[in-house]
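Report on the structure given below.
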Amino acid sequence: MNQFITFIRKEFYHVFRDSKTLLMLFGLPIVQIVLFGFALSNEIRNAKIAIFDQAKDQTSQQITNRFAASRYFSLQNSISSASQIEAAFKEGKIKMLMIIPSNFEEDLTHFKKASIQFIFDASDPNTASTLQGYANAIIMNYQQDLLASSNIPLQIIPQTRMLYNPELKGAPTFVPGVMALVLMLVCVLMTSISIVKEKEQGTMEILLVSPVNPFLLIIAKAVPYLALSLVNLAVILTLSVTLLDMPIHGSLLLLIAESTLLIITALALGLLISNSTANQQAAMLIAMMGMLVPTMLFTGFMFPIENMPVPLQLISNFLPSKWYYIIVKSIMIKGLGMTAIWKETLILLGMALLLLFLSFKKFKTRLQ
């Protein structure tokens, strides 16, 4: 029995001496609880909205104040003309617009009922449905307050319009997200073992004496995977259009070009991982765990990024998939062109160039 207790004590010593094991035992559960219990939430808060108040009377101001005071909405600059509505939605400045007609208070006073219109960006149907529920609840509460103060049954009728996805299909949300997830994960995994495999198989010496420029060796490693990833992209787009009835309202060539940029970025990241690890198992583990979870959590198609704490929002900015997700939604769903996504494109391009430079530098160091 004493020997058994001694072995147990020895195992405890081994566990407490291994910082990696302690991190897995205590650090991982804490991170998961914090992320899923506090940071990641499907609840929508501070959604950007605008109000087109054509009435400009006391009643419309009271309703405006209700929306401005709600923690679910963040009131942006009000729309002053109908021509600004489409631009505000296309540029992604607002998620919802409330239009109060000019005869709103008059209809409410004389006819005991009036209409108010809500327009939602339904490219994310879950967000649009949630915001619709919040807006209707505020209008309902205002109606009840009017009834309590005047004892007259006044009725405000919300009229809803969904932009980009009137039927609230799920495909416009999940197809861009799945495209970002699949391309990032597959491309990083494919190239993460390409360099370290040469070292394990003992063929690194051949590269050491090769007269080929190290930069060309890096490019040669990535080109086959680039071609295969483009085939994978064609399959994804074909299935999305034919099986999921996912339209491509924008330029197909622009979508392919942006997807190619993401693929290059992911391949460069995989090469950097391959150049920085000692064996294939470590490279695959880093590629899988380092890309799967962050891509799912911080891309924006599962959890609204604007609801996360500021540190996590900053972390999401370093993920290429976040910017690609915005680009794909803008092209496929909203039908926008380069003028609307040039900022996201420049960010992706900068990431690709930086990762290629770091991969080349790390590979050159390994050859020396």
Side-chain angles (χ1 to χ4, degrees), residues 37-38 40-90 92-170 172-173 303-308:
F38 172 69
L40 303 178
S41 172
N42 287 320
E43 183 185 22
I44 309 297
R45 296 189 298 270
N46 298 318
K48 295 180 180 180
I49 68 170
I51 296 177
F52 185 16
D53 187 359
Q54 297 173 305
K56 298 186 184 300
D57 51 39
Q58 182 179 358
T59 305
S60 67
Q61 187 59 48
Q62 289 175 353
I63 295 177
T64 299
N65 293 338
R66 295 269 179 139
F67 278 85
S70 173
R71 66 189 181 97
Y72 300 116
F73 300 110
S74 174
L75 185 58
Q76 306 299 302
N77 295 331
S78 296
I79 300 294
S80 58
S81 65
S83 60
Q84 298 176 342
I85 296 177
E86 185 177 1
F89 278 107
K90 283 189 173 183
K93 293 181 179 180
I94 58 174
K95 297 290 186 180
M96 185 193 84
L97 173 69
M98 180 172 64
I99 302 178
I100 304 176
S102 57
N103 56 342
F104 180 76
E105 189 174 47
E106 181 180 352
D107 289 346
L108 200 60
T109 303
H110 293 87
F111 302 106
K112 310 308 178 189
K113 65 178 180 180
S115 297
I116 192 169
Q117 185 178 20
F118 293 103
I119 302 178
F120 298 92
D121 181 352
S123 58
D124 186 341
N126 295 327
T127 299
S129 298
T130 303
L131 294 182
Q132 182 184 11
Y134 294 158
N136 290 338
I138 292 177
I139 295 298
M140 185 64 67
N141 289 335
Y142 181 69
Q143 275 188 183
Q144 293 174 353
D145 292 343
L146 288 178
L147 178 62
S149 61
S150 62
N151 291 323
I152 300 176
L154 303 177
Q155 185 181 11
I156 300 176
I157 305 172
Q159 296 179 349
T160 301
R161 179 186 173 193
M162 297 291 179
L163 290 182
Y164 309 121
N165 185 15
E167 298 177 0
L168 295 180
K169 295 181 179 179
T173 297
F303 302 97
I305 295 177
E306 57 269 18
N307 292 353
M308 299 179 185

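In this structure, the side chains of Gln132 and Thr160 come closer than 4.5 Å at one or more pairs of heavy atoms. Within the 4.5 Å cutoff, the side chain of Tyr142 has heavy atoms near those of the Ile156 side chain. Lys48 places none of its side-chain heavy atoms less than 4.5 Å from the side chain of Lys93. Between Leu131 and Lys95, the closest side-chain pair of non-hydrogen atoms falls below 4.5 Å. Counting heavy atoms from C-beta outward, Ile99 and Ile119 have side chains that approach closer than 4.5 Å.
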### Task
Using the side chain to side chain contact (heavy atoms under 4.5 Å, CB included) rule, take Ile63 and Ile139 through it: C-alpha gap first, then chi angles, then the decisive distance, then the call.
CA-CA 8 Å; Ile63 295 177; Ile139 295 298; 4.1 Å; yes
#### Entry: Worked verdict on Ile94 versus Phe89 for side chain to side chain contact (heavy atoms under 4.5 Å, CB included)
CA-CA 6 Å; Ile94 58 174; Phe89 278 107; 3.9 Å; yes
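With rounding to the nearest 0.5 Å, the separation of OG in Ser129 from CZ in Phe120 is 9.0 Å. Within the model, atoms CD of Gln58 and CD of Gln62 stand 5.0 Å from one another, a figure rounded to the nearest 0.5 Å. Atom CD1 of Ile116 and atom CD1 of Ile157 lie 11.5 Å apart (nearest 0.5 Å). Interatomic distance, CZ of Arg45 versus CZ of Phe73, reported as 13.5 Å (0.5 Å rounding). Taking CD1 from Ile51 and CG from Leu75, the interatomic distance works out to 4.5 Å, rounded to the nearest 0.5 Å. From Leu108, atom CG reaches atom CG of Leu146 across 6.5 Å, with rounding to the nearest 0.5 Å.
For Gln143, the CD atom counts as densely surrounded, since its 6.0 Å shell holds more than 12 non-hydrogen atoms of other residues, nucleotides or ligands. Counting heavy-atom neighbours within 6.0 Å of Lys113 NZ, excluding the residue itself, gives a total of 12 or less.
Neither side chain, Gln61 nor Asp57, offers a donor N or O lying under 3.5 Å from an acceptor on the other. Between the side chains of Glu105 and Thr59, at least one donor-acceptor pair of N or O atoms lies under 3.5 Å. With hydrogens and angles left out, the side-chain atoms of Asn165 and Ser123 include no donor and acceptor closer than 3.5 Å. Gln76 and Ser74 share a donor-acceptor pair across their side chains, judged by distance under 3.5 Å alone.
Contacts of Asn103 classified as side-chain hydrogen bond (donor to acceptor under 3.5 Å, both in side chains), with partners at least two apart in sequence or in another chain: Asp107.
The minimum heavy-atom distance linking Phe104 with Ala55 is given by the pair CB-CB, 4.3 Å. Annotation for Met96 and Ala135: closest pair SD-CB, 4.1 Å, computed over non-hydrogen atoms. Taking every heavy atom of both residues into account, Ser115 and Gln159 meet most closely at OG-NE2, 3.5 Å.
Ion pair Asp145/Arg66 flagged as a salt bridge, since at least one NZ, NE, NH1 or NH2 atom sits closer than 4.0 Å to an Asp/Glu carboxylate oxygen.
Between Phe67 and Phe118, the ring planes lie tilted relative to each other; the angle falls in the 30° to 60° range.
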